[in-house]
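Below is one structure, written out as structure tokens; the observations come after it.
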Amino acid sequence: MKFHSSFFTSVLLAAGTLVLAPGCNKSTQTGSTATDPANEIVIGEVGSLTGNEATFGTSTRDGIRLAIEQINQSGGIQNKKLRVVTMDNQGKPEEAATAVTKLITQDRVIAILGEVASSRSLAMAPIAQTNKVPMVTPSSTNPKVTQVGDYIFRVCFIDPFQGSVMAKFAHGTLKVKKAAILRDVKNDYSVGLANFFTETFKKLGGEVVVDQSYSAGDVDFKSQLTSIKTKEPEAIFVPGYYTEVGLIARQARELGIKAPLLGGDGWDSAKLTEIGGKALEGSYFSNHYSPDDTSEHVQKFIAAYKAKFGGVPDGLAAMGYDAAMVLADAMKRAKTLEKDDIREALANTKDFQGVTGRITIDHDRNAVKPAVVLEVKSGGFAYKETINPS
Ligand code: PHE
């Protein structure tokens, strides 16, 4: 297909999006179209817009876009408009590292939003830290991410909490005594969450009867599931991402395993049930937000998101929105728009009312927030309960 280039550009500008430099370093821009750089604030975003975790990146990007649009419409920050340069990493840590380097050295961004996946945030964080560029991950939950240094923040809870939420839910609500684990050994998030779940589940008196592993990208899980089946667990904890979890669920049912699967936020995608179909009905996972939440700020966000993009936002979109809003709030409070002052203001974030809860950044640059448990029901996700941090 061929467009006349000025037509192409104006269509894209009208959509508020400008596609630059095609090829592997493809970036997309949202927000300010100021011609004078003095009138804008440039932020970088890195996400998996393509690949096996594409919905993580696209939902987060849309949540960020909505936030940026709202901030710019209400006057911007210190008389400047925000512009976000978004880069795709195809779900690969090495691409995430390249992207963040390019954003810092070429686009001269003063802050970074991303990544979703902990392994990719871990590839980016040392680069942001060395260059003293504040980085806010919307939803990377592995504790190691913010331990990289004092420029690295997150607006979500961490996995020691998330693991305990699902262990308590399994033991307390589902009355599970014997659990199995099936973890993705290529994924820092999955390994961490499996360990944290095990810790709490054992403390509560439960037993992990078998602990199996796979690697992201695998498509055949039959041998692991066969050895899990012989141990007769009452639930299987699968802290992976939606593509593999969907396949695991199908193959588990094909092998006659009836136990529910349990998981974490990595299940959060409309693709989960597209891939897993009925096999996931009656399974449960922990998450950052539920669209069933009737509070006004949540419903307002859902309405604005629907008006702009058409669908109900998932947790990733809500976290992307909150991350951008928390960063904007810090920029408004910062003494100047220098990176160090933004860092300082981020560290002082207190009681910020986000869509995913009240956000206070603690000493370790993490947010302490409740989690929700969702049930896979009729092809969608139904709210089950909220668990507060103790
Ligand atoms: N918490 C996951 C990680 O750290 C990423 C994730 C967050 C995935 C929210 C889906 C939803 O890797």
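The shown structure was predicted, so the numbers you read here are calculated from the model rather than taken from an experiment. Counting starts at 1 for both ligands and their atoms, in listed order.
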**Study point:** For ligand 1, the portion of Phe56 having any non-hydrogen atom under 4.0 Å away
**Key:** side chain
Practice item. Return the residue, atom name and 0.1 Å-rounded distance of the protein heavy atom closest to atom 6 (C) of ligand 1. Key: Val116 CG1, 3.5 Å
Check your understanding: Which residue holds the protein heavy atom closest to atom 10 (C) of ligand 1, what is that atom called, and what is the gap in Å?
Key -> Asp265 O, 3.0 Å
Check your understanding: For Tyr189 and ligand 1, does the shortest N/O to N/O distance drop below 3.5 Å?
Key -> no
Exercise for review: Select one of side chain, backbone, both or neither to describe which atoms of His288 lie under 4.0 Å from any atom of ligand 1, heavy atoms only.
Suggested key: side chain
Check your understanding: Do the ring planes of Phe201 and Phe197 sit parallel (below 30°), tilted (30 to 60°) or perpendicular (above 60°)?
Key -> parallel
Point to revise | Residues Lys132, Asp340; criterion salt bridge (Lys or Arg N to Asp or Glu O under 4.0 Å); working and verdict | key: CA-CA 7 Å; Lys132 295 186 181 279; Asp340 293 0; over 6 Å; no
Check your understanding: What atoms in ligand 1 come closer than 4.0 Å to a heavy atom of Ala117?
Key -> 12 (O)
Review point. Does any N or O atom in Ser139 lie less than 3.5 angstrom from one in ligand 1, N or O only?
Key: yes
Practice item. Measure the distance from atom 12 (O) of ligand 1 to every protein heavy atom, then report the residue, atom name and distance (to 0.1 Å) of the closest one. Key: Tyr241 OH, 2.5 Å
Point to revise | Nearest-0.5 Å distance that lies between atom CE in Met135 and atom CG in Asn131 | key: 12.5 Å
Point to revise | Residue among Trp267, Tyr383, Phe169, Phe237 satisfying ring-ring contact (aromatic ring centres under 6.0 Å, His included) with Tyr284 | key: Phe169
Review point. Parallel under 30°, tilted from 30 to 60°, perpendicular over 60°: which one fits the rings of Phe221 and Tyr214?
Key: perpendicular
Exercise for review: Just do the salt bridge (Lys or Arg N to Asp or Glu O under 4.0 Å) check on Glu281 and Lys278 with the steps written out, would you?
Suggested key: CA-CA 5 Å; Glu281 289 288 307; Lys278 289 210 168 58; over 6 Å; no
Practice item. May I ask which of Gly192, Ser269, Ser118 has a heavy atom nearer to atom 4 (O) of ligand 1 than the others do? Key: Ser118
Review point. Any side-chain donor paired with an acceptor under 3.5 Å for Asp322 and Thr356?
Key: yes
Check your understanding: Can you tell me if Ser140 has a non-hydrogen atom under 4.0 Å from ligand 1?
Key -> yes
Review point. Considering only heavy atoms, does Leu316 approach ligand 1 within less than 4.0 Å through its side chain, its backbone, both, or neither?
Key: side chain
Review point. Are more than 12 heavy atoms from other residues, nucleotides or ligands located less than 6.0 Å from atom CD of Glu338?
Key: no
